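None of these values were measured; they are calculated from a predicted model.
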Amino acid sequence: MFKGARVVLPTGITTGTQLAVEGTKFTAHTPENAHEIDVTDHWLIPGFVDLHNHGGGGASFTSGTPEDVLKGIHTHRLHGTTTLVASTVTGDMDTLTAQAGLLSELAEQGDLAGVHFEGPFISPCRKGAHSEALLRDPDPAEVRKLIDAARGHARMVTLATELPGGLDSVRLLAEHGVIAAIGHTDATYEQTVAAIDAGATVATHLFNAMPPLGHRDPGPITALLEDDRVTVELINDGTHLHPAALQLAFHHAGADRVAFITDAMDAAGFGDGRYLLGPLEVEVSEGVARLVEGGSIAGSTLTLDRAFRRAVTIDRIPVPDAVTALSANPARLLGMYDRVGSLEPGKDADLVLLDADFRVKGVMRKGSWVVKPQLP
């Protein structure tokens, strides 16, 4: 039983609510012989949900062993991410299907919330940190092959929907209950509208790896921001986005259509140095990851606790809105909001305890401490 904290509920912030955990779930009643924990001057918020993450702790989800993937998952749990989707990068089909099989086993064990395929069906004009030699048009048959390889755990596929086969692939994904995300795209405004009408519902790291907004050529950014059917991913690390761009997204999409993501690679929670992202070499310096060849930004070293703290202290996003973007919205997209994404009775006891300065002091997942708070 937690008492004394500022608790962020779907209805807003409350200081008079006692939050109770029994077993693996939040409960509406006080458990018998409950252990009381005084967390006065702290915040209690839901565990973070990351839709887009390539690794951490020196370990990769894109090519690693099960032990590597578990290491990366644990690294992000230490920073409050209690639900995580593992993202791949562009590779040949055999490599991608093999990795999808490995990741799906961890999803079956409950360690992952599913698999996100970022590439190979993306534009060579906006490839970012993806190998151009391995890119291909989004053939629906190949998209289906990736879905099948994930054995029911494919959650999202990022596509340049303007490419041949793009719209048919979006329709295929929608039919199979997999999120079609528009990203690494060179699409026009009109092509993006067509993809949304075909069933695309997510913008992969909005603003990044897509044409900039123009007053005569509004491009995909405008189409993605203006449509209520679309949730926009944002990487709030201070490198990928200017604060004004983040404010623009929040203003036009609203808090209910923003999902903060990390797009993290191996160096998240680990440190500077040389890494591989798929087949490409990455140099991380002062926390910024760039390709050794060409200098493109190559994912991030972000953890979601940092994204949250930056949002509420630097970007001045209201705490409930930041919580919505970090927990509730991605949980809804994944079809998991009945289990995670808010501090409500019957849901998994996933929470983050923060001090008054929004620094992580405790992390609980399914009723067990990942980071046990050191309290007086």
Side-chain angles (χ1 to χ4, degrees), residues 51-52 54 62 85-101 103-104 107 113-206 208-211 219-221 223-224 227 229-233 259 261 263 278 333-335:
L51 289 170
H52 187 155
H54 300 279
T62 67
V85 174
S87 303
T88 64
V89 294
T90 294
D92 62 60
M93 291 300 292
D94 288 343
T95 298
L96 288 172
T97 54
Q99 195 64 15
L103 295 172
S104 67
V115 184
H116 162 219
F117 296 99
E118 188 180 21
F121 311 117
I122 61 176
S123 172
C125 302
R126 304 286 175 177
K127 64 182 184 297
H130 292 254
S131 172
E132 185 169 353
L134 296 171
L135 300 182
R136 54 217 296 136
D137 290 339
D139 179 349
E142 291 194 326
V143 173
R144 177 62 188 269
K145 185 176 180 181
L146 292 184
I147 295 173
D148 291 344
R151 302 199 300 268
H153 297 287
R155 293 290 173 261
M156 183 162 64
V157 178
T158 294
L159 306 153
T161 53
E162 75 278 9
L163 296 176
L167 294 183
D168 286 339
S169 295
V170 169
R171 295 185 187 101
L172 173 77
L173 290 166
E175 288 169 6
H176 286 81
V178 179
I179 297 165
I182 300 172
H184 289 275
T185 178
D186 205 39
T188 63
Y189 172 86
E190 291 76 14
Q191 288 171 327
T192 306
V193 169
I196 297 167
D197 287 340
T201 56
V202 166
T204 293
H205 42 54
L206 187 75
N208 299 115
M210 58 183 64
I221 293 171
L224 294 163
D227 199 303
R229 293 170 291 181
V230 177
T231 297
V232 298
E233 294 181 349
I261 60 162
D263 195 16
L333 274 174
L334 295 172

- Message: Please enumerate all residues that pass side chain to side chain contact (heavy atoms under 4.5 Å, CB included) together with Ala129, with sequence neighbours excluded.
- Response: Leu277, Leu291, Ala298
- Query: Would Leu103 and His153 count as a side chain to side chain contact (heavy atoms under 4.5 Å, CB included) if you check the C-alpha gap in whole Å, the side-chain angles of each, and the deciding distance to 0.1 Å?
  - Reply: CA-CA 9 Å; Leu103 295 172; His153 297 287; over 6 Å; no
- Message: Measuring only between side-chain heavy atoms, which start at C-beta, is Glu118 closer than 4.5 Å to Ile122?
- Response: no
- Query: What heavy-atom pair brings Leu134 and Gly91 nearest, and what distance separates the two atoms?
  - Reply: CD1-CA, 3.8 Å
- CA sep, side-chain torsions, deciding dist, call: Thr158, His116, side chain to side chain contact (heavy atoms under 4.5 Å, CB included): CA-CA 8 Å; Thr158 294; His116 162 219; 2.8 Å; yes
- Message: Can you tell me how far apart OG1 (Thr231) and CG (Leu333) are? Round to the nearest 0.5 Å.
- Response: 4.0 Å
- Query: Say you draw a straight line from CG of Asp263 to NE2 of His54; how long is it, rounded to the nearest 0.5 Å?
  - Reply: 4.5 Å
- Message: Ignoring hydrogens, what is the shortest heavy-atom contact between Leu224 and Ala203? Give both atom names and the distance.
- Response: CD1-CB, 3.7 Å
- Note on the structure: Rounded to the nearest 0.5 Å, the CG atom of Leu51 sits from the CE atom of Met156 at a distance of 5.0 Å
- Would you name the heavy atoms of Thr62 and Ser87 that are closest together and state the gap between them? CG2-O, 3.6 Å
- Message: Checking the side chain of His205 only, and the main-chain atoms of Glu233 only, is there a donor and an acceptor separated by less than 3.5 Å?
- Response: no
- Here the gap from Phe121 atom CZ to Leu135 atom CG, rounded to the nearest 0.5 Å, amounts to 10.5 Å
- Message: Quick one, Val89 and His130 - any side-chain contact, counting heavy atoms below 4.5 Å?
- Response: yes
Without placing hydrogens or testing angles, list every side-chain donor-acceptor pair under 3.5 Å for residues 138-147, not counting sequence neighbours.
| unit_1 | atom_1 | unit_2 | atom_2 | d |
| --- | --- | --- | --- | --- |
| Asp139 | OD1 | Ala141 | N | 2.9 |
| Glu142 | OE1 | Arg136 | NE | 2.8 |
| Glu142 | OE1 | Arg136 | NH2 | 3.4 |
| Glu142 | OE2 | Arg136 | NH2 | 2.7 |
| Arg144 | NE | Asp148 | OD1 | 2.9 |
| Arg144 | NE | Asp148 | OD2 | 3.4 |
| Arg144 | NH1 | His176 | NE2 | 3.2 |

- If you measure from CZ on Arg229 to CD1 on Ile196, what distance do you get to the nearest 0.5 Å? 6.5 Å
- Are side-chain heavy atoms of Pro211 and Arg126 found at a separation under 4.5 Å? yes
- Query: Will you find, in the side chains of Glu162 and Thr185, an N or O donor that is under 3.5 Å from an N or O acceptor?
  - Reply: yes
- Query: So, for Leu173 and Ala180, which heavy atoms are closest and what is the spacing to 0.1 Å?
  - Reply: CD1-CB, 3.8 Å
- Item | Under 3.5 Å: donor-acceptor pair, side chain of His184, backbone of Ser123 | no
- Item | Considering all heavy atoms, the nearest Ala200-Val170 contact | N-CG1, 3.4 Å
- Message: Show the nearest heavy-atom pair for residues Ala113 and Val85, with the distance to one decimal.
- Response: CB-CG2, 4.0 Å
